[in-house]
Undergrad: 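Right, I'll just put the structure down here and ask away after.
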Amino acid sequence: MNYMNSIRKVCLLTLALATAATGAQAADMLKIAVGQQGSWETAGPEIGRRAGIFEKYGLELDILYTQGGGETQQVVISGSADIGVGVGVTGVLGAFSKGAPVRIISSQATGPADFWYVKNDSPVKSLKDYKQPLTAAFSTNGSSTHTALLRMIEGNGLDVTPVATGGPPTTLTQVLSGQIDVGWSTPPFAIDKIDNGELRIVGRMSDLPAISQQTVRVNITNASALERKPDVIARYVKAARETYNYMYDNPKAIEEFAQYAGVSTEMARRMRDEFFPKDSLDPDKFSGIETSMEDAIRFKTISQPLTAEQIKQLVIAPAQ
């Protein structure tokens with residue numbers, strides 16, 4: 001009898017181990033394209049992965065970092081990534097209007113912290129008031145920094161040539177070497193040089209009218225990926241929402257971000273508290289679509305506003 005019990009226990013243990021192994025292998029892989037590696041705004045996938053949140057939802061993330069929202073969008077449209085994080089709204093509107101298989105699954109940034117800067121010896125004191133010819137940076141075509149710079153140029157009658165410079169590190173190199181007059185960045189990039197007086201901020205995206213309440217970056221998926229694995233995408237959105245709360249409510253998130261971004265915990269905390277208030281990254285806050293469509297028409301990203309039916313098709317809401 002004891003022998004049979006032992007056999008039974010061995011069988012049950014073997015079954016349990018097999019089930020656990022199968023469960024471990026059952027995690028769904030998602031390829032995630034993320035703009036601006038090292039920014040608090042787009043750190044969710046990495047922080048959530050480190051905290052085990054995505055694993056809890058049966059997800060494994062393969063994260064690819066890009067130079068900006070325009071590049072992120074192209075990676076998603078091509079099918080090389082399932083989800084894109086931090087993509088400019090006007091760029092998404094333009095791609096969707098041309099038939100690209102793109103869908104918005106959540107908000108990423110409302111009232112962003114991006115800014116423009118110059119070297120401290122530059123004659124530019126305020127970008128909106130400087131009327132001499134300049135070259136000024138944005139990340140990639142179709143990005144939120146592209147739209148914001150175009151709006152700033154038009155609204156202030158500036159003689160500025162926009163230049164796509166990629167991410168903050170490459171932009172900084174071009175500014176310091178004199179290849180471009182005005183750089184763009186997002187915290188924590190370049191903040192140390194601003195603090196020590198090497199650089200000076202001459203404009204902020206938040207200076208633009210109404211942008212403090214406008215969602216300028218969103219998270220997207222490929223329509224084909226959404227059709228093939230709607231449950232997986234929905235689980236990603238749930239995990240991302242939990243990660244968002246974790247980043248603001250759990251002190252460990254500051255330490256994890258500091259390690260990820262290569263900054264001190266003091267700088268990490270400053271980035272979050274000074275530049276990215278919790279409300280600004282609320283994934284369920286999507287506002288200012290009418291203003292975004294006006295921008296897209298003004299800068300010829302779309303020829304006419306999307307209809308209510310088109311917006312309903314574009315902006316989907318996975319179950320909470």
Side-chain angles (χ1 to χ4, degrees), residues 22-35 42 44-46 48-49 53-66 68-109 140 142-144 215-244 282-287 289 292-293 296 301-320:
T22 302
Q25 295 172 358
D28 291 295
M29 171 69 74
L30 281 175
K31 294 184 178 181
I32 313 295
V34 179
T42 57
E46 180 61 33
R49 181 167 66 176
I53 295 173
F54 289 99
E55 181 182 5
K56 183 175 74 173
Y57 284 84
L59 300 173
E60 182 178 350
L61 304 188
D62 180 8
I63 302 175
L64 164 70
Y65 289 99
T66 73
E71 183 180 333
T72 298
Q73 178 170 273
Q74 289 306 312
V75 172
V76 173
I77 289 173
S78 71
S80 298
D82 301 301
I83 289 171
V85 175
V87 181
V89 175
T90 56
V92 176
L93 292 173
F96 177 80
S97 71
K98 295 176 177 64
V102 60
R103 300 291 185 269
I104 295 173
I105 55 174
S106 63
S107 174
Q108 178 57 42
T140 54
S143 65
S144 57
T215 299
V216 296
R217 285 191 282 271
V218 291
N219 301 317
I220 62 173
T221 188
N222 186 291
S224 177
L226 182 62
E227 184 177 348
R228 286 184 287 105
K229 41 192 175 186
D231 173 65
V232 179
I233 301 296
R235 277 188 278 132
Y236 173 86
V237 173
K238 290 180 180 179
R241 187 180 290 115
E242 183 173 329
T243 298
Y244 155 73
D282 185 344
D284 299 311
K285 181 180 182 179
F286 187 58
S287 58
I289 183 67
S292 293
M293 284 195 287
T301 305
I302 60 176
S303 58
Q304 59 186 9
L306 271 60
T307 65
E309 187 60 34
Q310 286 176 310
I311 293 175
K312 183 178 179 180
Q313 181 184 9
L314 172 63
V315 185
I316 64 106
Q320 296 195 25

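When reading the values below, keep in mind they use all heavy atoms of this one structure, side chains included, and skip hydrogens, waters and symmetry mates.
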Undergrad: State whether the side chain of D82 and the backbone N or O of N222 hold a donor-acceptor pair below 3.5 Å, judged by distance alone.
TA: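 The answer is no, because no donor-acceptor pair under 3.5 Å joins these two groups.
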
Undergrad: Do any N or O atoms from the side chain of T307 and from the backbone of Q310 form a donor-acceptor pair under 3.5 angstrom?
TA: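 Yes.
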
Undergrad: Could you tell me which non-hydrogen atom of V102 sits nearest to which non-hydrogen atom of F96, and how far apart they are?
TA: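 Heavy atoms of V102 and F96 come nearest at O-CD1, 3.7 Å.
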
Undergrad: Can a donor-acceptor pair be found, under 3.5 Å and without considering hydrogens, that links the side chain of T90 to the backbone of S292?
TA: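 No; zero donor-acceptor contacts below 3.5 Å.
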
Undergrad: Please check if atom NZ in K312 has more than 12 non-hydrogen atoms from other residues, nucleotides or ligands closer than 6.0 Å.
TA: no

Undergrad: Are the side chain of E55 and the backbone of E60 linked by a donor-acceptor contact shorter than 3.5 Å?
TA: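 No, the answer is negative, given that no donor and acceptor are paired below the 3.5 Å cut-off.
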
Undergrad: Inspect the contact between D284 and R241 and indicate whether a charged nitrogen and a carboxylate oxygen are less than 4.0 angstrom apart.
TA: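 Yes, R241 and D284 are salt-bridged.
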
Undergrad: Using a 3.5 Å distance criterion without hydrogens, assess whether the side chain of R49 forms a donor-acceptor pair with backbone atoms of L61.
TA: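 Yes; at least one donor-acceptor contact below 3.5 Å.
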
Undergrad: Any side-chain heavy atom of M293 within less than 4.5 Å of one from L93?
TA: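 The answer is yes; the side chains approach within 4.5 Å.
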
Undergrad: Can you name the nearest heavy-atom pair linking G70 to S143, along with the distance?
TA: N-CB, 4.1 Å

Undergrad: For I83, which of I220, V76, I105, V34 qualifies under side chain to side chain contact (heavy atoms under 4.5 Å, CB included)?
TA: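 Between I83 and the candidates, side chain to side chain contact (heavy atoms under 4.5 Å, CB included) is satisfied uniquely by I105.
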
Undergrad: Q108 and G86: which non-hydrogen atoms are nearest, and at how many Å?
TA: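 Between these two residues, the closest heavy atoms are CG-CA, 3.8 Å.
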
Undergrad: Taking T42 for its side chain and G35 for its backbone only, find out whether a donor-acceptor pair lies under 3.5 Å.
TA: yes

Undergrad: Is any side-chain heavy atom of L306 closer than 4.5 Å to one of L314?
TA: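 Contact flag for L314/L306 side chains = yes.
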
Undergrad: Whether the side chain of K31 engages the backbone of G79 through a donor-acceptor N/O pair (distance < 3.5 Å, no angle test) should be reported.
TA: no

Undergrad: Can a donor-acceptor pair be found, under 3.5 Å and without considering hydrogens, that links the side chain of E71 to the backbone of G68?
TA: no

Undergrad: Ring centres under 6.0 Å, that's the criterion: do Y57 and Y236 meet it?
TA: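 Distance test on ring centres: not under 6.0 Å, no.
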
Undergrad: Report yes or no: does S144 contribute a side-chain atom to a donor-acceptor pair with the main-chain N or O of G88 at less than 3.5 Å?
TA: no

Undergrad: Is a donor on one side and an acceptor on the other found under 3.5 Å between the side chain of R103 and the backbone of I316?
TA: no

